[in-house]
Enquirer: 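Here it is, the structure, as structure tokens.
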Amino acid sequence: QVQLVESGGGLVQAGGSLRLSCAASGRTFSSTSLGWFRQAPGKERECVASIRWNGNTYYADSVKGRFTISRDNAKNTVYLQMNSLKPEDTAAYYCAAAAYERNRYSAVSDYEYWGQGTQVTVSS
């Protein structure tokens, strides 16, 4: 059974930093894409950042230059370093893993496995 477990969320002041981690178990994802999504109340889930098996990355325009996604295949873990946080970054953050590699890797439909989510709250 595949499980994705996020950690690292919390409350931070604007301008601060957080590092999210997502550890996968049940299978390895070294050859497929991993992603971080977020969902604020009343809004659709959106891709914040994703990373392909070869290291190619995607970032939403709203986080470019502030967030960095990385992966450690030996640990079957994906990370999201978030700097210069803004109140509009407040949301539940979810990690996602693709069951197989595709050409696309930034849509909800590109991923089969999801974590339970971790809350990030940025105060002004």
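Scope of the values below: all heavy atoms of this structure, side chains included, with no hydrogens, waters or symmetry mates.
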Enquirer: Can you tell me how far apart CG (L34) and CG (N73) are? Round to the nearest 0.5 Å.
Expert: 7.5 Å

Enquirer: Is it the case that more than 12 heavy atoms not belonging to W114 sit under 6.0 Å from its CH2 atom?
Expert: yes

Enquirer: Determine whether V63 and V12 fall in the same hydrophobic cluster, where Ile, Leu, Val, Met, Phe, Trp and Tyr are linked whenever their side-chain heavy atoms lie under 4.5 Å apart.
Expert: yes

Enquirer: Hey, does W36 have a side-chain heavy atom less than 4.5 Å from the side chain of F67?
Expert: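 No. Closest side-chain heavy atoms not under 4.5 Å.
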
Enquirer: Distance from L80 atom CG to Y59 atom OH, nearest 0.5 Å?
Expert: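 Spacing of CG (L80) from OH (Y59) equals 7.5 Å.
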
Enquirer: Apply the ring-ring contact (aromatic ring centres under 6.0 Å, His included) test between F29 and each candidate in Y113, Y100, Y105; give the one that qualifies.
Expert: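 The option that passes is Y113.
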
Enquirer: Same cluster for V120 and Y79 if Ile/Leu/Val/Met/Phe/Trp/Tyr side chains link at under 4.5 Å?
Expert: no

Enquirer: For A98 versus D110, what's the shortest heavy-atom pair and its separation?
Expert: CB-O, 3.6 Å

Enquirer: Would you mind reporting whether T32 and E112 have side-chain heavy atoms less than 4.5 Å apart?
Expert: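 The answer is no; the side chains never approach within 4.5 Å.
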
Enquirer: If you define the side chain from C-beta out and look only at heavy atoms, does anything of M82 sit under 4.5 Å from R66?
Expert: no

Enquirer: With a 4.5 Å limit on heavy-atom distance, are the side chains of L11 and Q119 in contact?
Expert: no

Enquirer: Looking only at atom types and distance, does a side-chain atom of N76 sit under 3.5 Å from a main-chain N or O of A24, one as donor and one as acceptor?
Expert: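 Indeed, once roles are kept as given, a pair shorter than 3.5 Å links the two residues.
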
Enquirer: Counting C-beta onward and ignoring hydrogens, is there a side-chain heavy-atom pair between P87 and S124 closer than 4.5 Å?
Expert: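 Touching, per the 4.5 Å side-chain cut-off.
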
Enquirer: Find out if a path of hydrophobic residues (ILVMFWY) with successive side-chain heavy-atom gaps under 4.5 Å connects L20 to L4.
Expert: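 They do share one cluster, since a chain of ILVMFWY contacts under 4.5 Å joins L20 to L4.
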
Enquirer: Side chains of E101 and S31: closer than 4.5 Å at any heavy-atom pair?
Expert: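 Counting from C-beta outward, E101 and S31 never come under 4.5 Å.
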
Enquirer: Between R38 and S62, is there a side-chain heavy-atom distance shorter than 4.5 Å?
Expert: yes

Enquirer: For a quick test of reading the model, state the closest non-hydrogen atom pair linking S109 to R104 and the distance between them.
Expert: OG-NH2, 4.4 Å

Enquirer: Count I, L, V, M, F, W, Y as connected when their side-chain heavy atoms are under 4.5 Å apart, and connections chain through other members. Are I51 and Y94 then in the same cluster?
Expert: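 Different clusters: I51 never reaches Y94 through Ile, Leu, Val, Met, Phe, Trp or Tyr contacts under 4.5 Å.
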
Enquirer: Say whether L85 and F37 are linked into one hydrophobic cluster, either directly or through other cluster members, by side-chain heavy-atom distances under 4.5 angstrom.
Expert: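 No, L85 does not connect to F37 through the hydrophobic network.
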
Enquirer: What are the two closest non-hydrogen atoms of A91 and A40, and how far apart are they?
Expert: CB-N, 3.9 Å

Enquirer: Calculate, to the nearest 0.5 Å, the distance between atoms SG and CD1 belonging to C47 and I69 respectively.
Expert: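 C47 atom SG to I69 atom CD1 measures 7.5 Å (nearest 0.5 Å).
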
Enquirer: Where the side chain of E6 meets the backbone of G117, is there a donor-acceptor pair that is under 3.5 Å apart?
Expert: yes

Enquirer: List for me each residue that meets ring pair (Phe, Tyr, Trp, His ring centres under 6.0 Å) alongside Y93, sequence neighbours excluded, and say none if there are none.
Expert: none

Enquirer: When rounded to the nearest 0.5 angstrom, what distance separates OG1 in T57 from CZ in R71?
Expert: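 The OG1 atom of T57 sits 11.5 Å away from the CZ atom of R71.
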
Enquirer: Between D89 and K86, is there a side-chain N and carboxylate O pair less than 4.0 Å apart?
Expert: no

Enquirer: CZ/R52 to CG/N103 distance, rounded to the nearest 0.5 angstrom?
Expert: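 Answer rounded to 0.5 Å: 6.0 Å.
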
Enquirer: State the SG-CD distance between C95 and Q116, to the nearest 0.5 angstrom.
Expert: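 If we round to the nearest 0.5 Å, C95:SG and Q116:CD are 7.5 Å apart.
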
Enquirer: Do the side chain of S30 and the main chain of T28 share a donor and acceptor less than 3.5 angstrom apart?
Expert: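 No, the answer is negative, given that no donor and acceptor are paired below the 3.5 Å cut-off.
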
